[in-house]
Amino acid sequence: MADIQSNNEKTSFTLANNFIQNIITEDLKTNKNNGRVHTRFPPEPNGYLHIGHAKAICLDFGLAAQNKGLCNLRFDDTNPSKEETEYVDSILEDIRWLGFDWEDRLYYASDYFGKLYEYAVSLIKTGQAYVCDLSPQQMRQYRGTLTEPGQDSPYRRRTVAENLDLFERMRKGEFAEGARVLRAKIDMSSGNLNMRDPVLYRIIKTQHHRTSDNWCLYPMYDFAHPLSDAIEGITHSICTLEYEDHRPLYDWVLEAVNTACRPQQIEFARLNLTHTVMSKRKLRELVEQGYVDGWDDPRMPTLSGLRRRGYTPEAIRDFCERIGVAKSNSTVDITLLEHCIREDLNIKANRVMAVLRPLKVIIDNYPDGQVEKLAAENNPGNPDMGSRILPFSRELYIEEEDFNENPPKKYFRLTPGQEVRLKHAYIIKCESFVRDEQSGKVVEVHCSYDPQTKSGQETSDRKVKGTIHWVSAAHAKKAEVRLYEYLMLDENAEEEIEENLN
RNA sequence: UGGGGCGUAGCCAAGUUGGUAAGGCAACGGACUUUGACUCCGUCAUUCGUUGGUUCGAGUCCAGCCGCCCCAGCCA
């Protein structure tokens with residue numbers, strides 16, 4: 001249903017019915033927001049995007065697209081001590097690769113620092129925010145606990161004039177990092193800790209990757225996010241479950257500043273996958289401590305890692321469509337992801353033959369020195385993908401495990417005295433084999449072939465019990481083959497990542 | 001009696017106003033097969049955390065209980 005235009009390429013993406021779409025459908029019906037649907041994907045540039053972000057991206061962009069709306073890309077860059085341009089570059093690349101297009105709507109929360117500062121000033125003027133001198137430790141004590149209410153800060157009753165003066169001087173850099181903060185004046189006894197006079201602004205004297213040293217005062221997520229949404233005219237602000245407790249604060253900020261636009265925050269459950277880890281913290285740990293090659297190590301669940309491993313954007317989008325969207329914490333079986341890539345590659349990948357653990361096969365009745373050119377279809381399921389020519393000769397390599405001198409029941413491959421089909425070639429029969437005297441290992445298998453059974457010939461339709469792949473010994477090219485396993489051995493790898501690495 | 005959420009099959013997940021449990025993955029049968037793949041067919045919840053209640057009728061409404069997740073960063 002939804003077609004997302006992306007770099008002249010059509011990216012089809014359809015979200016199954018889910019509770020967020022239901023909300024949007026209802027909003028459209030009641031003409032809320034004048035029928036407008038505008039979402040945003042707000043990554044913090046402090047790490048690489050992973051498959052969990054892909055779920056969010058597909059949701060944010062997909063929901064917008066299938067409701068004829070728009071989706072912005074906005075970097076949530078309010079903490080210069082954690083963010084870097086390397087990350088914004090990789091994020092841009094990964095979203096594009098996934099197939100989504102933000103067109104001309106690329107924004108940064110740092111674009112709004114000026115406006116945000118003015119909003120903060122207006123909050124001070126209306127007595128809804130104050131400068132607090134409590135140290136972080138003191139503030140923790142005043143905050144109370146989960147079951148006990150907090151206490152008002154002694155600075156809570158400062159006058160508007162004093163607050164205005166102090167806040168201005170905070171901006172000018174007159175105070176040390178951590179010396180003072182700007183707090184919202186809400187309710188120190190709220191059961192929701194986020195409402196116990198949350199910090200709105202703090203002093204950080206670090207170069208920002210975009211605003212350099214223009215600021216030493218940075219807004220907190222809880223202040224910057226709702227206002228950035230409002231500034232951009234976002235209608236549906238979709239985020240993950242852990243922000244549920246922040247929603248009252250999100251709404252409070254918009255109300256306190258009295259913005260014209262009132263986006264609605266909607267939370268969904270983030271993606272968890274078996275046999276891997278998904279938290280940025282843990283992924284960063286693996287990268288920084290050298291357990292993996294980098295963010296794009298093929299074992300990583302990052303988009304760059306999946307891409308290196310051979311995943312296609314189509315497969316990842318398909319996966320995101322299939323997993324659904326809900327509010328219950330869940331862990332998706334990684335076999336679903338694997339199913340998606342197999343299904344996609346099955347229809348578009350060319351087949352070639354390669355032997356991983358070679359075992360020599362000599363066809364004794366095949367003329368020495370003769371080389372035949374055999375035609376092989378590139379994809380048996382799709383004739384349009386054409387065919388290639390394979391060289392066939394007297395000496396071949398087959399897979400070690402495709403020969404067994406003492407075959408178990410139901411072994412369909414090469415065994416002494418039995419026949420097997422060489423894929424795209426002839427039917428051969430094992431006449432004898434040679435073993436290494438030292439190791440006792442079979443090192444050479446001697447066969448005879450039936451010239452009447454050349455693949456594609458009319459006389460080739462004899463049934464044999466199995467078909468195996470092969471390469472011509474003289475023509476085979478050496479290749480590096482990479483086999484990947486899961487990142488983690490255990491299905492659930494929450495803790496003790498190191499011991500659990502595959 | 002801190003606040004906020006969630007509980008439908010091994011894993012995800014539909015289930016608008018109560019009307020008699022979609023779909024996918026996995027698994028298991030079987031057919032087909034020039035790769036034991038792919039494809040195709042079939043099986044897989046008398047039951048929706050639990051106990052009561054309302055009702056002709058409850059996964060859907062009400063009440064109680066149980067279990068799990070999130071929150072005490074000047075992170076996002």
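Within every chain, numbering begins at 1; the chains are lettered A, B, ... in the order of the sequence lines, protein sequences first and strands thereafter.
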Item to check | Whole-Å C1' distance, A58(B) and U8(B) | outcome: 14 Å

Item to check | Nearest-nucleotide pick for Ala326(A), side chain only, options being C12(B), U34(B), A13(B) | outcome: A13(B)

Item to check | Neighbour count above 12 (heavy atom, 6.0 Å) for Lys348(A) NZ | outcome: yes

Next on the checklist: Please tell me if Arg143(A) has a side-chain N or O lying less than 4.0 Å from either OP1 or OP2 of G73(B).
Outcome noted: yes

Checklist entry - In whole Å, what separates the P atom of C48(B) from that of G3(B)? => result 30 Å

Checklist entry - For Val464(A), which contact category applies under a 4.0 Å heavy-atom criterion: base, sugar-phosphate, or nothing? => result nothing

Checklist entry - What is the nucleic acid contact for Leu134(A), judged by heavy atoms within less than 4.0 Å: base, sugar-phosphate only, or nothing? => result base

Checklist entry - So, does the side chain of His424(A) form a donor-acceptor pair with the base of U34(B) at under 3.5 Å? => result no

Checklist entry - So what does Lys410(A) touch, heavy atoms closer than 4.0 Å: a base, only the sugar-phosphate, or nothing? => result base

Checklist entry - Phosphate oxygens OP1/OP2 of G73(B): is one of them under 4.0 Å from a side-chain N or O of Arg202(A)? => result no

Checklist entry - How would you label the contact of Leu146(A) with the nucleic acid (heavy atoms, under 4.0 Å): base, sugar-phosphate, or nothing? => result base

Checklist outcome for this item: chi for G73(B) classified (syn = within 90 degrees of 0, anti otherwise) as syn

Checklist entry - Thr145(A) side chain N/O closer than 4.0 Å to the phosphate oxygens (OP1, OP2) of G2(B)? => result no

Checklist entry - With respect to the phosphate group of G73(B), does any side-chain polar atom (N or O) of Arg196(A) fall under 4.0 Å of OP1 or OP2? => result no

Give me the distances for all protein-to-nucleotides 5-7 of chain B N/O pairs that come in under 3.5 Å?
unit_1: G5(B); atom_1: O2'; unit_2: Glu244(A); atom_2: OE1; d: 3.4

Next on the checklist: Can you classify the ring geometry of His275(A) versus Tyr486(A) as parallel (below 30°), tilted (30 to 60°) or perpendicular (above 60°)?
Outcome noted: parallel

Next on the checklist: Could you check whether Glu242(A) pairs with Arg270(A) (Lys NZ or Arg NE/NH1/NH2 to Asp/Glu carboxylate O, under 4.0 Å)?
Outcome noted: yes

Checklist entry - Would you say a side-chain N or O of Thr78(A) is under 4.0 Å from OP1 or OP2 of A76(B)? => result yes

Checklist entry - Hey, would you say the Tyr221(A) and Tyr243(A) ring centroids sit under 6.0 Å apart? => result yes

Checklist entry - Which class fits the ring pair Phe392(A) and Tyr449(A): parallel under 30°, tilted 30 to 60°, perpendicular over 60°? => result tilted

Next on the checklist: By the 4.0 Å heavy-atom rule, please label Tyr411(A) as base, sugar-phosphate, or nothing.
Outcome noted: base

Checklist entry - If pairing requires Watson-Crick or G-U wobble contacts with both distances under 3.5 Å, which nucleotide is the partner of C61(B)? => result G53(B)

Item to check | A21(B) versus U47(B) - spacing of their C1' atoms, nearest Å | outcome: 7 Å

Checklist entry - What is the nucleic acid contact for Gly178(A), judged by heavy atoms within less than 4.0 Å: base, sugar-phosphate only, or nothing? => result base

Next on the checklist: Which nucleotide wins on minimum distance to the side chain of Glu44(A), given the candidates A76(B), C71(B), C74(B)?
Outcome noted: A76(B)

Checklist outcome for this item: Applying the 3.5 Å cut-off to both distances, the Watson-Crick or G-U partner of U43(B) turns out to be A27(B)

Item to check | C1' atoms of U20(B) and G57(B), separation to the nearest Å | outcome: 8 Å

Item to check | Side-chain-base donor-acceptor pair under 3.5 Å for His246(A) and A76(B) | outcome: yes

Item to check | Parallel, tilted or perpendicular: ring planes of His208(A) versus Phe113(A), cut at 30 and 60 degrees | outcome: perpendicular

Checklist entry - Side-chain donor or acceptor of Asp245(A) under 3.5 Å from a matching atom on the base of G3(B)? => result yes

Checklist entry - Taking any strand in view, what nucleotide pairs with A37(B) in a Watson-Crick or G-U wobble way, both distances under 3.5 Å? => result none

Next on the checklist: Could you tell me how far apart Glu321(A) (CD) and A14(B) (C1') are, to the nearest whole angstrom?
Outcome noted: 15 Å

Checklist entry - Of the nucleotides A76(B), A72(B), G36(B), which one has an atom closest to the side chain of Arg140(A)? => result A72(B)

Could I get a table of every N or O pair under 3.5 Å where one atom is in the protein and the other is in nucleotides 26-33 of chain B?
none

Next on the checklist: Roughly how many Å apart are A31(B) and U50(B), using the P atom of each and rounding to a whole number?
Outcome noted: 40 Å

Checklist outcome for this item: Of the listed C71(B), A76(B), G73(B), the closest approach to the Tyr221(A) side chain comes from A76(B)

Next on the checklist: Taking the C1' atom in each of G36(B) and A45(B), what is the distance between them to the nearest angstrom?
Outcome noted: 32 Å

Checklist entry - Are the aromatic ring centres of Tyr155(A) and Tyr130(A) under 6.0 angstrom apart? => result no

Could you list all N or O pairs between the protein and nucleotides 18-23 of chain B that sit under 3.5 Å apart?
none

Next on the checklist: Rounding to an integer number of angstrom, what distance separates G18(B) and G59(B) when you compare their P atoms?
Outcome noted: 13 Å

Checklist entry - Contact class for Tyr218(A) vs. all strands (heavy atom < 4.0 Å): base, sugar-phosphate, or nothing? => result nothing

Checklist entry - Is a side-chain donor or acceptor of Asn379(A) paired with a backbone partner of Asn346(A) at a separation under 3.5 angstrom? => result yes

Checklist outcome for this item: By the Watson-Crick or G-U definition, both distances under 3.5 Å, C6(B) is matched with G67(B)

Checklist entry - Reckon Val181(A) touches a base, only the sugar-phosphate, or nothing at all at heavy-atom distances under 4.0 Å? => result base

Checklist entry - Is the closest basic N to carboxylate O distance between Arg74(A) and Asp229(A) below 4.0 Å? => result yes

Item to check | Interatomic distance at C1', C61(B) relative to U54(B), whole Å | outcome: 8 Å

Checklist entry - Considering only U35(B), G15(B), G73(B), which nucleotide approaches the side chain of Asn17(A) most closely? => result G15(B)

Checklist entry - If you look at every strand shown and take non-hydrogen atoms under 4.0 Å, does Asp402(A) touch a base, only sugar-phosphate, or nothing? => result nothing

